[in-house]
Amino acid sequence: MNLYYELLQCPVFSMKEVNALYSSEWSARVALGKLLKENLVLKIRNGLYTCVSGENGGPVADRFQVASAITSSSYVSHHTAFEYYGIVDQVFYEVYVGSEARFRDFEFDGYTYHYIKSQLKEGIESPEFGSGVRITDKERTIVDSIKDINLIAGLEEVLSCIVAVNSIDEGKMLKYLSGYDSAFLYQKTGFIFSEYQTDFGISDEFIKICKEKSGNSKRYLTNGISEPGYSGEWKLVYPKDIKRMKNGGMTT
């Protein structure tokens, strides 16, 4: 048996997969240790490995496959999900990973993997031909990105990503908004989608529901607003130049 070729079938693997090929755990560890010394296998983090590609000398697993295998519940989320869908032009070296089980942030192959606490079970899928990738669907990615707009990508980048989504399922969006049950999230989402209702092709009914659920508190859409504007309709302070944000390609 050639262990390297057996393990090539798994983009990311653990000792469980190696042990299944041997009669004893000791033999499995010795065999894996040999591959590590020969630089045929790379250690991603404790207990997680990938083979080295014979074609380019890099890891067989890409960042999306690594993210999906960190824990039994992990999945690609936020800005990294937009990257997977081809919505982002440039490559970012921060990988955002939702997971029910906590893990320490770590680096592998030039990327830093960040733990995001999973607060919702819905909206996670395994794309056909995704080779083990688990990822939030586009609507869940939009909702998560708006929810965490100050923590991850920022308003300008989020707007740029949202406007690049071809079509948005309002039913899914409302389901995820309901799951989070946050008046502030309804408020932010409703305001953003009302500002760009034509661009996003969103119905009046969607905007109405967000408004009804957004409460009466006055809040800031995002941090660090230098020139504020105020929406009395949404009770929200927002950047006055929001309609001219460069990356979103939206102008008045």
Exercise for the section: Using the side-chain contact (heavy atoms from CB on, under 4.5 Å) rule, take Leu174 and Phe206 through it: C-alpha gap first, then chi angles, then the decisive distance, then the call. Expected result: CA-CA 8 Å; Leu174 290 172; Phe206 179 88; 3.7 Å; yes

Exercise for the section: Evaluate side-chain contact (heavy atoms from CB on, under 4.5 Å) for Glu83 paired with Arg63, printing each intermediate quantity in order. Expected result: CA-CA 11 Å; Glu83 289 184 63; Arg63 62 191 183 280; 3.0 Å; yes

Exercise for the section: Begin from the C-alpha positions of Ile152 and Val158 and carry the test side-chain contact (heavy atoms from CB on, under 4.5 Å) through to its verdict. Expected result: CA-CA 9 Å; Ile152 298 179; Val158 170; over 6 Å; no

Problem - side-chain contact (heavy atoms from CB on, under 4.5 Å) assessment of Met173 paired with Thr189 - result: CA-CA 10 Å; Met173 289 278 293; Thr189 303; 4.1 Å; yes

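Within the 4.5 Å cutoff, no side-chain heavy atoms of Val165 are placed close to those of Tyr85. Counting heavy atoms from C-beta outward, Asp144 and Tyr176 have side chains that stay 4.5 Å or more apart. Counting only heavy atoms from C-beta outward, the side chains of Leu177 and Lys213 never approach each other to under 4.5 Å. Arg45 has its side chain within reach of Phe103: a pair of non-hydrogen atoms, C-beta onward, lies under 4.5 Å apart. Side-chain contact check for Phe200 versus Ile142: every heavy-atom pair is 4.5 Å or farther apart. Looking at heavy atoms from C-beta onward, Asp169 lies out of side-chain contact with Lys138 at the 4.5 angstrom threshold. Lys147 places none of its side-chain heavy atoms less than 4.5 Å from the side chain of Ser182. At least one side-chain heavy atom of Leu159 sits under 4.5 Å from a side-chain heavy atom of Tyr196.
Nearest approach of Tyr4 to Gly54, heavy atoms of both residues: OH-N, 3.8 Å. Scanning all heavy atoms of the two residues, the minimum distance from Val60 to Pro11 falls at CG1-CA, 4.3 Å. Across all non-hydrogen atoms, the minimal contact from Val12 to Gln65 is CG2-O, 3.8 Å. Residue Phe191 comes nearest to Ser231 through the heavy atom pair CE1-CB, 3.9 Å, listed as atom of the first residue, atom of the second, then distance. Nearest heavy-atom pair, Thr71 versus Ser99, reported as atom, atom and distance to 0.1 Å: OG1-OG, 2.8 Å. Considering all non-hydrogen atoms of both residues, Cys161 and Ile87 come closest at O-CG2, 3.4 Å.
One hydrophobic cluster, built from ILVMFWY side chains closer than 4.5 Å, cannot hold both Val76 and Phe108; they sit in different ones. With hydrophobic clusters built from ILVMFWY side chains whose heavy atoms lie under 4.5 angstrom apart, Tyr84 does not share a cluster with Tyr75. Cluster annotation: Ile168 is connected to Ile135 through the hydrophobic network of ILVMFWY side chains, with a link wherever side-chain heavy atoms come within less than 4.5 Å. In this structure, Ile207 is a member of the same hydrophobic cluster as Ile162, with clusters built from ILVMFWY side-chain heavy atoms closer than 4.5 Å. Trp26 and Tyr49 are members of different hydrophobic clusters when ILVMFWY side chains are connected at heavy-atom separations under 4.5 Å.
Donor-acceptor pairing under 3.5 Å is lacking for the side chains of Glu94 and His79. When only modelled atom types and interatomic distance are considered, Thr136 and Thr141 share a side-chain donor-acceptor pair under 3.5 Å.
The CZ atom of Arg29 sits 13.0 Å away from atom OH of Tyr22, with the distance rounded to the nearest 0.5 Å. Distance OG/Ser194 to CG/Asp204: 10.5 Å, rounded to 0.5 Å. For the atom pair Ser74 OG and Ile124 CD1, the distance stands at 9.5 Å (nearest 0.5 Å). One distance of note links OH of Tyr238 with OG1 of Thr222; it measures 14.5 Å at 0.5 Å rounding. The CD1 atom of Ile209 sits 12.0 Å away from the OG atom of Ser214 when rounded to the nearest 0.5 Å. Distance check, rounded to the nearest 0.5 Å: CD of Glu100 to CG of Leu120 gives 10.5 Å.
With respect to the salt-bridge test (charged N to carboxylate O, under 4.0 angstrom), the residues Arg140 and Glu125 do not qualify. Salt bridge Lys175/Glu139: absent, no basic N to carboxylate O contact under 4.0 Å.
Under the side-chain contact (heavy atoms from CB on, under 4.5 Å) test applied with Tyr113, the options Asp105, Ile70, Ile44 reduce to a single match, Ile70. Here the rule is ring-ring contact (aromatic ring centres under 6.0 Å, His included) with Tyr111, and of Tyr93, Phe106, Tyr96 only Tyr93 fits it. The only member of Arg219, Lys218, Lys211 that meets side chain to side chain donor-acceptor pair (under 3.5 Å) when paired with Gln187 is Arg219.
More than 12 heavy atoms of other residues, nucleotides or ligands shown are found within 6.0 angstrom of CD on Glu38. Around the CD atom of Glu55, the shell of radius 6.0 Å holds no more than 12 heavy atoms that belong to other residues, nucleotides or ligands. Around the CG atom of Asn216, the shell of radius 6.0 Å holds no more than 12 heavy atoms that belong to other residues, nucleotides or ligands.
At distances below 3.5 Å, not a single donor-acceptor pair connects side-chain atoms of Thr50 with backbone N or O atoms of Pro59. Under a 3.5 Å cut-off, the side chain of Asn150 and the backbone N or O of Asn223 do form a donor-acceptor pair. Listed for the Asn2 side chain is a donor-acceptor partner under 3.5 Å among the backbone atoms of Tyr5. When atom types are taken as modelled, the side chain of Ser68 and the backbone of Phe64 share a donor-acceptor pair closer than 3.5 angstrom.
For Lys188 and Phe184, the positive end sits near the middle of the six-membered ring, less than 6.0 Å away and at most 45° from its axis.
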